[in-house]
Amino acid sequence: QSSFNTLAVEKLEQNHAQFKKLLKDNGVADVGRSFYHVLNGQSVKLNAKQLATLQNHPDIKKITPVYQYKKLLHHSVNIIKAPIIWELAEQQGKLAGDQIKIAILDTGIDNQHPMFNDLNVSQNTNNISDDYCALEKNNFCNNKIILARSFLPEFPIALEESLTPKDTDGHGTHIAGIAAGLAVTFTDNQGKSRELQGLAPGAHLMIYKVLYRPASDPTSAISDSEILLAALEQAYLDGADIINNSWGDAGQQHPLGSP
């Protein structure tokens, strides 16, 4: 981060410390995550009286509820001229997306899928030491999947669900494949051989599991705005070049009401 960004964050931290004192003075004891990078905000739990007192305070711009979000992917972009980029990269002896880091905020990833082997993918220069792969010292990551984190939910999860970055739903794996999957061949239901690849097969993937299958509906995968904001901030701090978010609230709230 630049010295300007560092000073800005330090200033926000000072402001947040003063704000937390204000919350304490108003009897607010349940203070959650603080956000400094993609949003200047604070997560808190308020009762009706505290909400009424604080929502008109001059130091508070807006108070919004913690909304629930779910996996979404209704349409893909039809015309993006990706073949032109693929050809240019091939002329340079590279795969499209080489050295680009794409963060996927979703249901995790199936790291054993052939689209995510690291054949012909550039060397992983990630020096993160506190993610799932570094802490567990396992083979979940490679030169393709260079980082994996889980942001744990507060609701009961389905029996088949995992609290690790492993995808038990399939949505996150699908999204990661569209974004950066390596070329694979398969036979369709008519017996014809087909090839599929992602838009940037040379890109590195950074996996942030934020959507979980709830025990109440294992066919769904949900999260909330606090967890999603925390993951967005972490992806920024981890150095992601692109952050993909294929989830939403299906139009239940107006965009202007979003944090």
Side-chain angles (χ1 to χ4, degrees), residues 1 5-6 8-71 103-108 128 130-132 135 147-158 161-165 172 206-216 220-238 240 243 245 247-249 252-259:
Q1 300 183 56
N5 285 343
T6 300
V9 170
E10 289 177 352
K11 179 63 176 177
L12 285 176
E13 288 175 342
Q14 294 172 8
N15 291 343
H16 277 237
Q18 295 173 1
F19 181 63
K20 288 176 182 177
K21 183 179 184 303
L22 169 66
L23 293 173
K24 184 178 180 181
D25 291 343
N26 282 274
V28 179
D30 199 341
V31 179
R33 293 182 173 94
S34 298
F35 304 101
Y36 306 115
H37 302 279
V38 300
L39 172 79
N40 177 17
Q42 178 69 51
S43 171
V44 297
K45 289 185 179 180
L46 305 173
N47 59 36
K49 181 180 179 181
Q50 293 165 341
L51 175 61
T53 300
L54 293 172
Q55 63 184 358
N56 295 317
H57 194 281
D59 292 336
I60 300 175
K61 183 175 182 180
K62 182 171 62 174
I63 299 176
T64 61
V66 172
Y67 292 105
Q68 185 181 96
Y69 294 84
K70 60 184 179 180
K71 59 182 180 180
I104 306 291
L105 277 61
D106 215 283
T107 62
I128 302 295
D130 63 348
D131 74 315
Y132 174 74
L135 295 175
L147 177 148
R149 298 186 187 276
S150 297
F151 289 77
L152 303 183
E154 296 184 359
F155 53 83
I157 61 173
E161 182 59 283
S162 171
L163 293 176
T164 74
M206 306 167 75
I207 304 303
Y208 299 80
K209 186 167 181 175
V210 293
L211 298 171
Y212 292 82
R213 299 161 62 195
S216 58
S220 179
I222 62 174
S223 188
D224 64 48
S225 45
E226 182 182 2
I227 287 177
L228 295 170
L229 283 168
L232 282 166
E233 288 234 315
Q234 189 62 57
Y236 166 80
L237 292 171
D238 288 338
I243 303 177
N245 307 285
W247 37 262
D249 72 343
Q252 296 176 30
Q253 61 163 315
H254 191 280
L256 293 178
S258 169

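Position 1 is the first residue of the sequence; numbering continues from there.
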Would you be so kind as to tabulate the donor-acceptor pairs closer than 3.5 Å made by side chains of residues 12-19, with sequence neighbours excluded?
| from | atom 1 | to | atom 2 | distance (Å) |
| --- | --- | --- | --- | --- |
| His16 | ND1 | Gln42 | OE1 | 3.4 |
| His16 | NE2 | Asn40 | OD1 | 2.9 |

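What you find for Leu211 and Glu161 is that their closest heavy atoms are O-OE2, 4.3 Å. Minimum interatomic distance between Ser162 and Tyr212 (heavy atoms only, all atoms of both residues): O-CE2, 3.6 Å. Smallest separation of non-hydrogen atoms from Pro165 and Lys209: CA-CD, 3.9 Å. Scanning all heavy atoms of the two residues, the minimum distance from Pro153 to Ile227 falls at CA-CD1, 3.9 Å. The shortest heavy-atom contact between Ala231 and Phe151 is CA-CZ, 3.6 Å. Taking every heavy atom of both residues into account, Glu233 and Ser34 meet most closely at OE1-O, 4.2 Å.
Put simply, the side chain of Val210 reaches to within 4.5 Å of the side chain of Ser223, judged on heavy atoms. Looking only at side-chain heavy atoms (C-beta outward), Tyr208 and Asp238 come within less than 4.5 Å of each other. Side chains of Ile63 and Gln55 form a contact here, defined as non-hydrogen atoms less than 4.5 Å apart. Contact annotation: the side chain of Leu147 never approaches that of Gln234 to less than 4.5 Å [non-hydrogen atoms, C-beta and beyond]. Using a 4.5 Å heavy-atom cutoff, the side chains of Leu22 and His57 are in contact. Side-chain contact between Leu54 and Leu23 is present, with at least one heavy-atom pair separated by less than 4.5 Å.
Judged purely by atom type and a 3.5 angstrom limit, Trp247 has no side-chain atom pairing as donor or acceptor with the backbone of Ala221. Judged by distance alone, with hydrogens and angles left aside, the side-chain atoms of Gln68 form no donor-acceptor pair with the main-chain N or O of Ile222 at under 3.5 Å. Remark: side-chain polar atoms of Asn47 are paired, donor with acceptor, to backbone N or O of Lys49 under 3.5 angstrom.
Between atom CD1 of residue Ile157 and atom OG of residue Ser216 there is a gap of 12.0 Å, rounded to the nearest 0.5 Å. Interatomic distance, Asp224 CG to Phe155 CZ, rounded to the nearest 0.5 Å: 8.0 Å. Note that CZ of Arg149 and CG of Leu105 are 11.5 Å apart. Values are rounded to the nearest 0.5 Å.
The salt bridge (Lys or Arg N to Asp or Glu O under 4.0 Å) check on Asp59 picks up nothing, with sequence neighbours excluded.
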Open item on the list: salt bridge (Lys or Arg N to Asp or Glu O under 4.0 Å), that's the test. Do Glu226 and Lys45 meet it? Break it down for me.
Closed with: CA-CA 12 Å; Glu226 182 182 2; Lys45 289 185 179 180; over 6 Å; no
Open item on the list: Walk me through whether Gln50 and Asp30 qualify under side chain to side chain contact (heavy atoms under 4.5 Å, CB included).
Closed with: CA-CA 12 Å; Gln50 293 165 341; Asp30 199 341; over 6 Å; no
Open item on the list: The test is side chain to side chain contact (heavy atoms under 4.5 Å, CB included); show your working for Leu229 and Arg33 and say whether it passes.
Closed with: CA-CA 9 Å; Leu229 283 168; Arg33 293 182 173 94; over 6 Å; no
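For the residue pair Tyr69/Asn245, the side-chain donor-acceptor check at 3.5 Å is not satisfied.
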